[in-house]
There are 2 protein chains.
Amino acid sequence: MSATIRDVAKRAGVGVGTVSRVLNDHSAVRASTRQRVLDAIKELNYVPSQTARRLSSGKTMMIGLVAPFFTTPSVVERLRGIESVIGESDYDLTIFNVESEDGLRDCFQALYGREKADGLITISVGPTEAEYLRFQNANMPVIMIDGDLPYLNRVSVDDTFGGLQATQHLLKLGHTRIGFVSDLDKERLGNHSTADRFLGYQQALTRAGLEVDNGLILAGEHGRHAGYEMGFRLLFQVEGRPTAIVCTSDTYATGVLQAAYELDIDVPYELSVIGYDDIEMAKALNLTTLHQPLFESGVLGANWLLDQLAGETTEMEKRVLATKLVLRGTTTRPVS
Amino acid sequence: MSATIRDVAKRAGVGVGTVSRVLNDHSAVRASTRQRVLDAIKELNYVPSQTARRLSSGKTMMIGLVAPFFTTPSVVERLRGIESVIGESDYDLTIFNVESEDGLRDCFQALYGREKADGLITISVGPTEAEYLRFQNANMPVIMIDGDLPYLNRVSVDDTFGGLQATQHLLKLGHTRIGFVSDLDKERLGNHSTADRFLGYQQALTRAGLEVDNGLILAGEHGRHAGYEMGFRLLFQVEGRPTAIVCTSDTYATGVLQAAYELDIDVPYELSVIGYDDIEMAKALNLTTLHQPLFESGVLGANWLLDQLAGETTEMEKRVLATKLVLRGTTTRPVS
DNA sequence: AAACCAATTGAAATCGATTTCTACAGATTT
DNA sequence: AAATCTGTAGAAATCGATTTCAATTGGTTT
């Protein structure tokens with residue numbers, strides 16, 4: 001079918017080894033020889049076979065991306081950042097979607113062999129320490145985005161600070177009864193960011209001299225509907241109803257907004273709502289939220305992995321990106 | 001490192017050919033021999049090397065997914081459907097994001113060699129006929145989702161009917177000045193769905209005995225902001241302002257809604273807006289829209305490709321899924 | 001001019017499977 | 001009992017690169 005390295009060698013009147021050396025510019029090849037080889041390559045329209053290269057070099061030139069892609073829109077935004085970097089590199093991107101704990105284990109299991117990828121990026125989920133050691137043995141670098149497993153190189157945002165910022169914003173406006181809508185008790189798949197955000201929420205309240213009221217703290221499944229249900233539960237009560245709600249995702253916030261709408265509670269005057277992530281929808285809904293550098297986190301993680309694949313080794317490290325409060329129309333001072 | 005086929009052969013006291021035959025159960029192997037090989041495999045914890053298998057068999061066990069992933073949320077929903085099928089198969093999914101015409105050509109160029117994938121799924125974009133012939137020569141099946149290139153196997157929705165449904169809904173409510181916000185004149189990357197929706201829009205008007213007013217038909221870039229600008233242009237004029245707007249995506253619709261909001265035009269009473277896609281955001285915004293079977297389209301396309309990779313050949317074909325009108329809060333009869 | 005060294009480069013081994021080709025056993029036919 | 005099949009299975013070629021090893025070349029050193 002298409003030309004092989006042997007054809008090129010014959011054409012240029014050299015050995016296959018020399019052609020390979022020209023391709024990878026490993027050791028020295030005389031300029032004139034190199035030119036002859038390059039000419040032959042051009043004439044034959046030769047493209048080296050990735051597959052063969054893989055087998056002999058032991059590299060797959062693939063990067064595996066492990067993530068629960070479809071639980072939240074934010075994962076996609078991170079993916080975008082990753083793709084923008086990997087797409088420009090010599091590597092290709094293979095995606096592994098995980099939807100459950102079992103799926104995650106199976107996924108890592110399948111990746112140990114270095115057969116599917118040279119390195120891994122994970123989003124929100126991560127290997128156990130034992131699993132990570134196996135990757136380390138196989139010399140496969142792993143970068144985790146949005147997570148905080150201490151034995152991994154990881155990119156995260158300062159979620160504690162994010163929770164603090166969100167809550168303090170509401171406190172400054174004068175709110176004292178502030179609800180918290182989250183997926184807290186889930187903590188599944190190794191993602192601690194919700195717990196950190198909750199920590200920030202607590203800190204803010206404590207610093208303001210307020211007590212944490214467990215009745216205002218809810219946790220549920222993922223998704224808009226869960227947000228709606230939690231919002232409804234918080235807002236249905238007439239006495240002691242919160243005047244503001246911190247949501248750990250914009251998706252939840254949209255659910256809360258709907259609950260408020262159905263209960264005929266005016267946002268922002270009767271209820272302030274703040275989200276987290278700053279996804280596209282947040283702009284459309286004019287939602288005050290905490291912007292996460294999602295795209296940037298992908299870029300950072302991907303570049304980091306490429307550096308490691310290029311041989312650069314660094315100390316185990318956590319690289320932290322900052323969140324930013326984005327003021328829009330769903331928060332204001334409470335009517336008193 | 002890990003055991004190879006030779007180790008297994010030695011252990012079982014057979015030749016490598018026999019082991020391979022057991023692995024792929026090609027030709028007959030005596031039951032007792034087979035058992036010995038299977039035992040050896042288990043004892044050595046042997047897993048065949050994908051990479052080596054690729055080289056000798058010429059199959060990559062990869063499916064390439066070519067799409068403009070980040071232009072619209074709907075692509076991600078389709079991806080979800082695809083992943084749900086491919087994830088269960090023996091194939092892995094490699095994604096190729098394309099952001100421009102050039103990028104698309106380069107991408108196909110890189111895929112001809114069968115080095116990166118055994119088959120291709122494309123979303124919204126597709127190869128030219130010449131490009132497709134090269135894939136055909138390489139015996140690589142291609143399935144296009146959301147497009148209508150006649151030389152391809154393709155999954156699409158009946159966009160003409162969709163445009164018709166949307167427009168007729170507004171006509172039935174009593175609207176006569178109906179705007180159309182789209183990316184019409186772009187038609188780039190081989191995607192004809194917008195043109196079809198426009199066709200439906202025209203048909204609906206014509207059947208109702210109305211003239212098509214070019215002043216009400218706008219086209220622009222992708223994205224919310226473009227929708228905002230087009231909405232603004234349509235709504236800014238006081239005389240002859242449309243009482244309803246058909247948008248070719250929900251994303252546009254959100255932009256139009258914002259324009260209406262800023263111009264203090266009440267939706268739905270002063271302006272009806274209908275979107276297209278039924279993305280998550282549409283529910284949050286209570287947007288009337290045309291639901292597309294996005295997830296299902298991915299499932300259908302992926303299964304189809306797997307069938308073809310398994311050797312099944314069918315006539316060149318277009319498989320059409322139906323759209324569905326979803327009534328929500330942004331359309332009502334005009335105030336007259 | 002002999003000896004030596006460095007830069008090049010070809011030949012061959014290797015990666016780990018699949019697949020073809022051939023050989024051998026035992027069963028069946030004549 | 002000789003001849004012919006058929007079912008099994010081993011040996012070796014193959015896929016298309018990389019990489020090691022050894023050989024050659026030419027230039028330098030003494």
Side-chain angles (χ1 to χ4, degrees), chain A residues 1-41 44-62 90 92 112-116 118 138-139 311, chain B residues 1-41 44-62 90 112-116 118 138-139:
Chain A
M1 188 64 68
S2 64
T4 75
I5 196 172
R6 244 167 278 271
D7 301 329
V8 175
K10 200 171 292 173
R11 176 92 173 205
V14 300
V16 292
T18 305
V19 178
S20 175
R21 276 181 282 260
V22 169
L23 288 172
N24 304 286
D25 42 46
H26 267 326
S27 58
V29 174
R30 194 182 305 155
S32 61
T33 315
R34 153 180 249 95
Q35 194 52 54
R36 252 189 310 148
V37 171
L38 290 176
D39 289 348
I41 287 176
L44 293 173
N45 208 3
Y46 165 76
V47 181
S49 156
Q50 278 270 0
T51 310
R53 183 172 263 177
R54 270 198 252 277
L55 180 58
S56 55
S57 73
K59 295 184 175 183
T60 65
M61 299 311 284
M62 291 265 171
D90 289 336
D92 288 327
Y112 291 140
R114 292 210 54 151
E115 296 268 321
K116 291 172 183 285
D118 293 338
N139 199 25
Chain B
M1 189 64 69
S2 65
T4 74
I5 196 171
R6 243 166 280 270
D7 301 328
V8 174
K10 199 172 294 173
R11 176 93 172 204
V14 301
V16 292
T18 305
V19 178
S20 175
R21 276 181 282 258
V22 169
L23 288 171
N24 305 287
D25 43 48
H26 267 326
S27 60
V29 175
R30 194 181 304 154
S32 61
T33 314
R34 152 178 250 96
Q35 194 52 53
R36 254 188 309 146
V37 171
L38 290 176
D39 289 347
I41 287 176
L44 294 173
N45 208 2
Y46 165 76
V47 181
S49 156
Q50 278 269 359
T51 311
R53 183 172 263 177
R54 269 198 253 277
L55 180 58
S56 54
S57 73
K59 294 184 175 184
T60 66
M61 298 311 282
M62 291 266 173
D90 289 336
Y112 291 141
R114 291 210 55 150
E115 295 268 321
K116 290 169 183 288
D118 294 338
N139 200 25

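Chain letters run A, B, ... following the sequence lines, proteins first and then strands; every chain starts at 1.
Taking the side chain as every heavy atom from C-beta outward, A:Arg6 and A:Lys10 never approach each other to under 4.5 Å. Looking at heavy atoms from C-beta onward, A:Thr60 lies out of side-chain contact with A:Glu115 at the 4.5 angstrom threshold. Considering only heavy atoms from C-beta on, A:Val16 stays 4.5 Å or farther from A:Thr4 through its side chain. Under the 4.5 Å side-chain criterion, counting only non-hydrogen atoms from C-beta, A:Arg11 is not in contact with A:Val19. Within the 4.5 Å cutoff, side-chain heavy atoms of A:Arg114 are placed close to those of A:Asn139.
Heavy-atom minimum distance, A:Arg21 versus A:Val29: CB-CG2, 3.9 Å. The heavy-atom pair separating B:Ala138 from B:Tyr112 by the smallest distance is CB-O, 3.7 Å.
In this structure, the CZ atom of A:Arg34 is 17 Å from the C1' atom of C:dG10, given to the nearest Å.
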Write down the protein N/O and nucleotide N/O pairs, taken from nucleotides 4-7 of chain C, whose separation is under 3.5 Å; answer none if there are no such pairs.
none

With the criterion being N/O to N/O and under 3.5 Å, what pairs connect the protein with nucleotides 14-19 of chain C, and how long is each?
unit_1: C:dG16; atom_1: N7; unit_2: B:Arg6; atom_2: NH2; d: 3.4
unit_1: C:dA17; atom_1: OP1; unit_2: B:Tyr46; atom_2: OH; d: 2.8
unit_1: C:dA17; atom_1: OP1; unit_2: B:Ser49; atom_2: N; d: 2.6
unit_1: C:dA17; atom_1: OP2; unit_2: B:Ile5; atom_2: N; d: 2.4
unit_1: C:dA17; atom_1: O5'; unit_2: B:Tyr46; atom_2: OH; d: 3.3
unit_1: C:dA17; atom_1: N3; unit_2: B:Ser56; atom_2: OG; d: 3.3
unit_1: C:dT18; atom_1: OP1; unit_2: B:Asn24; atom_2: OD1; d: 3.3
unit_1: C:dT18; atom_1: OP1; unit_2: B:Asn24; atom_2: ND2; d: 2.9
unit_1: C:dT18; atom_1: OP1; unit_2: B:Arg53; atom_2: NE; d: 3.1
unit_1: C:dT18; atom_1: OP1; unit_2: B:Arg53; atom_2: NH2; d: 3.3
unit_1: C:dT18; atom_1: OP2; unit_2: B:Ser20; atom_2: OG; d: 2.5
unit_1: C:dT18; atom_1: OP2; unit_2: B:Asn24; atom_2: ND2; d: 3.4
unit_1: C:dT18; atom_1: O4'; unit_2: B:Ser56; atom_2: OG; d: 2.9
unit_1: C:dT19; atom_1: OP2; unit_2: B:His26; atom_2: NE2; d: 3.1

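Taking NZ from B:Lys59 and CG from B:Asp90, the interatomic distance works out to 10.5 Å, rounded to the nearest 0.5 Å.
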